[in-house]
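As structure tokens, the structure follows; a few thoughts come after it.
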Amino acid sequence: MLNLDFAPQLMADRPAAEHSSNRPLWAAIAPELAAHAALGESLRTDIAIIGGGLAGMSSALHLSKAGAKVAVVEAATIGSGAAVASAGVIAPQLVRTTPSQVLAKLGAERGDGLLRMIAESGNYLFGLINDLGIDCDARNSGFVAPSASRNGQHDLAEVKRQWVPYRHDLKLLDGHEFEALTGCRGYSAALLDRSGGSVDPLAFARGLAAQAVKNGATIFENTPALSIVRDGAEWIARTPNGELRAGKILLAANGGNNPLHKKLAGTTLPLPVIEVATNPVSDAMRASILPEGQALTDLETDVFSLRYADGNRLITAFPANGDPSDAVLTERVNERLRAILTHYEPVKLDYIWRGIGQVNSDMLPRIVSPDQDMIAIQACNGRGIGINTLIGREVAKLLTDSSATPLITPQPPKRISGYFIARYVPSLMMSGARAVKRIKQKLRL
């Protein structure tokens with residue numbers, strides 16, 4: 001499952017009974033919660049957080065638990081960005097790279113910390129949800145990452161071996177074992193990650209926010225940060241009706257980080273993705289496809305993903321350029337499901353939502369320091385929920401405990417070379433791979 005850190009393009013909320021072609025399932029099923037007021041004055045705090053998504057809320061929770069005075073400004077409402085537009089998959093895995101490649105790129109110390117963080121992220125997230133009693137349909141049922149490569153068995157065996165210094169919860173499946181477990185075909189091998197699973201991402205973000213407030217954090221909704229400027233020893237986040245002054249500032253607004261500091265411009269790449277939720281599938285289909293409830297995201301360029309939510313609804317992502325109609329999406333999603341599922345029945349799409357994910361050029365999680373006393377959490381490349389939750393803990397160490405050794409440390413931001421062309425590459429790669437696979441599938445019919 002892509003589960004990307006979205007900067008969504010969403011319509012205003014409507015009553016839960018109304019299905020919309022541009023509205024996430026999560027917004028439709030979320031319970032009503034008390035709103036937070038907008039900032040309407042000048043306020044001082046120890047640490048200002050820009051962005052009320054999963055990264056911002058986890059950071060606010062961990063910082064407030066550490067005793068820091070924290071204030072958060074969110075442009076809309078809590079979880080209305082990346083969280084509500086994601087698929088809610090917990091995937092404690094790397095994206096298109098291996099542990100040995102991470103160590104070679106980052107060096108032993110930084111690479112080791114990053115790998116330990118990713119390995120821990122699933123267990124940490126589900127443990128935190130349990131400890132705090134957050135009601136977010138958390139399912140620690142596992143995450144499956146299959147490969148269609150002819151060398152998939154060999155390649156994934158090597159990946160599993162490289163993870164051994166960091167974890168022992170991965171199981172290698174051959175193609176037959178994978179098909180028996182998931183009801184999906186066309187793959188040569190898979191890794192089953194027992195620490196993964198799925199959540200309702202909006203409910204989780206709101207649950208983190210409620211816990212942060214209980215620990216003393218202050219949250220302001222409908223308060224966009226218009227600019228951030230330095231004033232002596234303080235940072236000032238200017239909003240439409242007030243300003244937030246702080247000694248330290250954390251940018252956790254996903255793609256919204258980039259306009260807030262000149263050194264962040266062009267440092268991440270956008271990736272348009274469409275998520276859909278089907279009508280509830282039949283009992284026979286539910287018993288045949290992912291019967292144990294795992295979440296699945298394959299390792300192909302035209303990423304295929306699958307999980308259940310809200311009863312027997314299937315959630316899947318669709319890589320697409322442009323703005324295809326609901327009818328075209330319904331046809332293409334059914335086309336993919338028909339080709340992959342061993343028990344296929346036509347589905348209707350009750351919910352369709354569109355967003356812009358953010359990816360780093362090396363597909364690795366990253367935090368950067370564009371200025372003094374400023375940290376920005378960069379894109380998490382389709383692994384945002386579990387990793388951003390744990391990054392919140394590590395950021396709290398960085399900002400409150402000088403004796404701590406965080407698993408991830410800030411790096412200087414780096415603009416992507418040839419950004420104005422490179423920004424189209426992720427989308428073109430995914431949609432191009434999808435087109436090639438469609439042609440191959442039709443030739444086999």
Side-chain angles (χ1 to χ4, degrees), residues 2-10 47-60 72-76 79-86 95 205 223-230 235-240 243-244 246 248-273 354-385 387-388 391-392 395 398 408-428:
L2 281 180
N3 190 34
L4 289 167
D5 302 314
F6 282 93
Q9 303 159 346
L10 303 175
I47 301 168
I49 299 176
I50 312 301
L54 290 164
M57 290 301 92
S58 178
S59 299
V72 181
V73 292
E74 161 56 40
S80 61
V84 76
S86 80
V95 183
T223 305
L226 303 178
S227 65
I228 298 174
V229 296
R230 188 79 175 175
W235 283 104
I236 305 176
R238 292 175 175 158
T239 74
E243 62 182 29
L244 193 58
K248 298 177 182 179
I249 193 161
L250 173 65
L251 305 183
N254 191 36
N257 287 345
N258 296 0
L260 295 176
H261 196 286
K262 62 182 180 180
K263 290 185 179 180
L264 296 177
T267 57
T268 62
L269 298 171
L271 175 61
V273 177
R354 296 160 170 83
I356 306 295
Q358 297 290 321
V359 298
N360 290 317
S361 58
D362 58 7
M363 304 302 287
L364 295 177
R366 186 184 306 160
I367 60 174
V368 299
S369 181
D371 217 321
Q372 181 181 356
D373 296 322
M374 175 185 284
I375 293 175
I377 300 174
Q378 295 277 77
C380 279
N381 318 291
R383 301 291 187 260
I385 296 179
I387 291 175
N388 271 346
I391 282 179
V395 164
L398 279 167
I408 188 169
T409 55
Q411 305 300 313
K414 184 178 180 181
R415 183 176 174 84
I416 296 168
S417 178
Y419 174 78
F420 287 102
I421 295 175
R423 60 182 170 167
Y424 300 109
V425 170
S427 177
L428 291 173

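Computed over heavy atoms, backbone and side chain alike; hydrogens, waters and symmetry mates excluded.
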Side-chain touch [X]/[Y], heavy atoms, less than 4.5 angstrom:
| X | Y | value |
| --- | --- | --- |
| S369 | P412 | no |
| L251 | I375 | no |
| L264 | V368 | yes |
| Q358 | L269 | no |
| M374 | H261 | yes |

Side chain [X], main chain [Y], donor-acceptor under 3.5 Å:
| X | Y | answer |
| --- | --- | --- |
| D362 | L364 | yes |
| E74 | G52 | yes |
| W235 | Q372 | yes |
| N257 | I377 | yes |
| R415 | A265 | yes |
| S59 | A55 | yes |

Atom CZ of R238 with >12 non-hydrogen neighbours under 6.0 angstrom: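 Counting neighbours around CZ of R238, 12 or fewer heavy atoms of other residues, nucleotides or ligands fall under 6.0 Å, so no.
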Least distance between heavy atoms, [X] atom then [Y] atom:
| X | Y | answer |
| --- | --- | --- |
| I50 | A237 | CD1-CB, 3.9 Å |
| A60 | V72 | CB-CG2, 3.9 Å |
| P259 | G256 | CD-O, 3.1 Å |
| G79 | A205 | CA-CB, 4.1 Å |
| S58 | G392 | OG-CA, 3.5 Å |

Option from I49, N388, L250 for which side-chain contact (heavy atoms from CB on, under 4.5 Å) with V395 holds: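 With V395 as partner, side-chain contact (heavy atoms from CB on, under 4.5 Å) holds for just one option, L250.
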side-chain contact (heavy atoms from CB on, under 4.5 Å), paired with I228, selected from L244, L260, D371: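 Result: among L244, L260, D371, L260 is the only option passing the side-chain contact (heavy atoms from CB on, under 4.5 Å) with I228.
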K414 vs T267, side-chain contact (heavy atoms from CB on, under 4.5 Å): CA-CA, chis, key distance, verdict: CA-CA 6 Å; K414 184 178 180 181; T267 57; 5.8 Å; no
Distance-only side-chain donor-acceptor flag, T268 / Q378, under 3.5 Å: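 Side chains of T268 and Q378: no pair found under 3.5 Å.
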